[in-house]
Amino acid sequence: MKMISRRDFLKASAVVGATAALTACGGGDSSSTASSASSTAPASSAPAESGAENAASGSATIGICIYQFADNFMTLYRADLEEYLGELGYSVTIMDGKNDQSTQTEQINTFLQQGVDVLIINPVQTTSAQTIVDTVSPSNIPIVFINREPDKSVLDSYPDKCCYVGADARQSGTYQGELILETDTQGDINGDGTITYIMCKGDPENIDAQYRTEYSIKALEDAGKTVNCLYEYLDNWDQTLAQQDVANALAQYGDQIEVVFCNNDAMALGALQSIQQAGRTVGTDIYLVGVDALADAVQAVLDGNMTGTVLNDDVGQATAATEATRLYVEGEPVEQYYWVDYVKVTPENAADYL
Ligand code: GAL
């Protein structure tokens with residue numbers, strides 16, 4: 001029997017998530033903010049046209065800057081944003097920063113000249129967030145930062161005009177460690193008392209990469225395990241780089257490698273190709289975990305080719321970012337942070353996320 005699709009499943013739960021996030025952050029205004037979330041968030045699988053009929057009165061132009069279109073997870077996220085903001089009747093333009101901060105800065109300047117009402121920014125470099133705020137703030141245009149968390153001081157420097165929508169990457173790292181602890185051998189396939197692993201990392205400046213690297217291992221250590229890191233590879237969220245590095249690692253370290261941790265699913269899918277080419281079998285002589293719950297990774301979990309992954313809820317985050325944008329457009333109070341939970345994806349629940 002066909003399950004509902006990942007996007008429909010997430011959409012159905014997104015309202016609950018966004019409402020919880022808003023309620024959790026809210027002060028005196030929380031209940032009205034929360035109820036706004038449920039009335040406007042795209043809750044059903046109804047097509048965009050029917051949402052557009054319910055569009056908020058008035059129109060707004062929204063400029064969106066994505067760090068790089070050639071990123072699988074951000075591709076899902078920007079499609080969600082386009083859909084949900086469109087349902088509110090807003091005019092939306094999305095630019096590809098091509099992983100180059102100066103390109104993105106030019107795009108932001110163009111949006112400023114055009115006089116957009118709200119900017120949604122996924123910075124190329126998180127360390128450039130303060131410069132971005134300093135560039136935008138004279139125009140008083142609000143900014144919703146997404147996916148790459150700037151320092152709190154950056155948000156504080158543009159009070160009431162700047163917020164962050166994201167997920168706490170410590171949670172995703174912890175879940176990765178737990179996925180390994182839940183295996184038959186608790187990660188110690190050869191029974192030598194040590195979990196020996198390699199790590200494929202996202203870009204080093206990114207807090208998601210840093211926390212996932214740290215907290216996946218912390219979960220093992222907190223459970224009393226001894227760990228041995230053979231090597232940490234800088235694979236920049238990229239499938240091909242991870243494929244090459246894991247192929248080299250398997251050639252170099254062979255059976256010593258018990259676990260391949262990947263900061264995201266694109267890298268895990270690259271790792272899987274090399275694992276299979278090397279004649280290794282996930283679940284039998286090696287474990288493999290990622291983050292994002294991309295469709296191919298969820299399928300791999302279902303097929304037993306990945307030990308597990310962690311849902312990075314693009315629907316929930318796009319819903320919260322849309323809600324923050326709407327509040328800015330309508331001049332209502334906006335919280336400084338909106339957090340969306342990660343979810344562990346195992347063979348048991350993977351079908352829900354396809
Ligand atoms: C992470 C995601 C990665 C990549 C990165 C970009 O949250 O897991 O796959 O999209 O964001 O900043």
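In each ligand, atom 1 is the first atom listed, and ligand 1 is the first ligand listed.
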message: I'd like to check whether Asp71 has a polar contact with ligand 1, where a contact means an N/O of the residue lying under 3.5 Å from an N/O of the ligand.
response: yes

Between Tyr342 and ligand 1, is there a nitrogen or oxygen pair with a distance under 3.5 Å? no

Tightest non-hydrogen contact, residues Tyr287 and Ile180, listed as CB-CD1, 3.7 Å

Residues Val291 and Asn263: closest non-hydrogen pair is CB-O, 3.5 Å

Inset, instruction - Keeping the roles fixed (side chain from Gln243, backbone from Gln273), state whether a donor-acceptor pair exists under 3.5 Å. - result: no

Any heavy atom of Asp203 under 4.0 Å from ligand 1? The part involved is neither

Which ligand 1 atoms does [X] reach within 4.0 Å, using its non-hydrogen atoms?
X      : value
Asp208 : 1 (C), 7 (O), 11 (O)
Arg148 : 6 (C), 12 (O)
Asn147 : 1 (C), 6 (C), 7 (O), 11 (O), 12 (O)
Asn206 : 12 (O)

Next on the checklist: When you measure from the heavy atoms of Arg212 to every atom of ligand 1, does any distance fall below 4.0 Å?
Outcome noted: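 Distance cut 4.0 Å: Arg212 passes for ligand 1.
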
Are Tyr77 and ligand 1 in contact, using a heavy-atom cut-off of under 4.0 Å?
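Flag not set, Tyr77 not near ligand 1.
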
Closest heavy-atom approach to atom 8 (O) of ligand 1 among Asp314, Asn264, Asp292 is made by Asp292

Q.
For a quick check under 3.5 Å, do Asp341 and Gln171 share a side-chain donor-acceptor pair by atom type?
A. yes

query = Between Thr309 and Asp265, do the side chains contain an N or O donor and an N or O acceptor separated by less than 3.5 Å?
reply =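 On atom types as modelled, these side chains qualify, holding a pair under 3.5 Å.
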
Anything under 30° is parallel, anything over 60° is perpendicular, the rest tilted; go ahead and classify Tyr233 against Tyr231. tilted

#### Entry: CA sep, side-chain torsions, deciding dist, call: Arg170, Arg212, side chain to side chain contact (heavy atoms under 4.5 Å, CB included)
CA-CA 6 Å; Arg170 287 170 287 206; Arg212 288 174 194 166; over 6 Å; no

Should Arg148 and Asp203 count as an ion pair when the cut-off is N to O under 4.0 Å?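 Here Arg148 pairs with Asp203 in a salt bridge, since their nearest N and O are under 4.0 Å apart.
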
Protein heavy-atom partner closest to atom 5 (C) of ligand 1 - residue, atom, separation in Å:
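Here the closest protein heavy atom is Trp237 CE2, 3.6 Å.
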
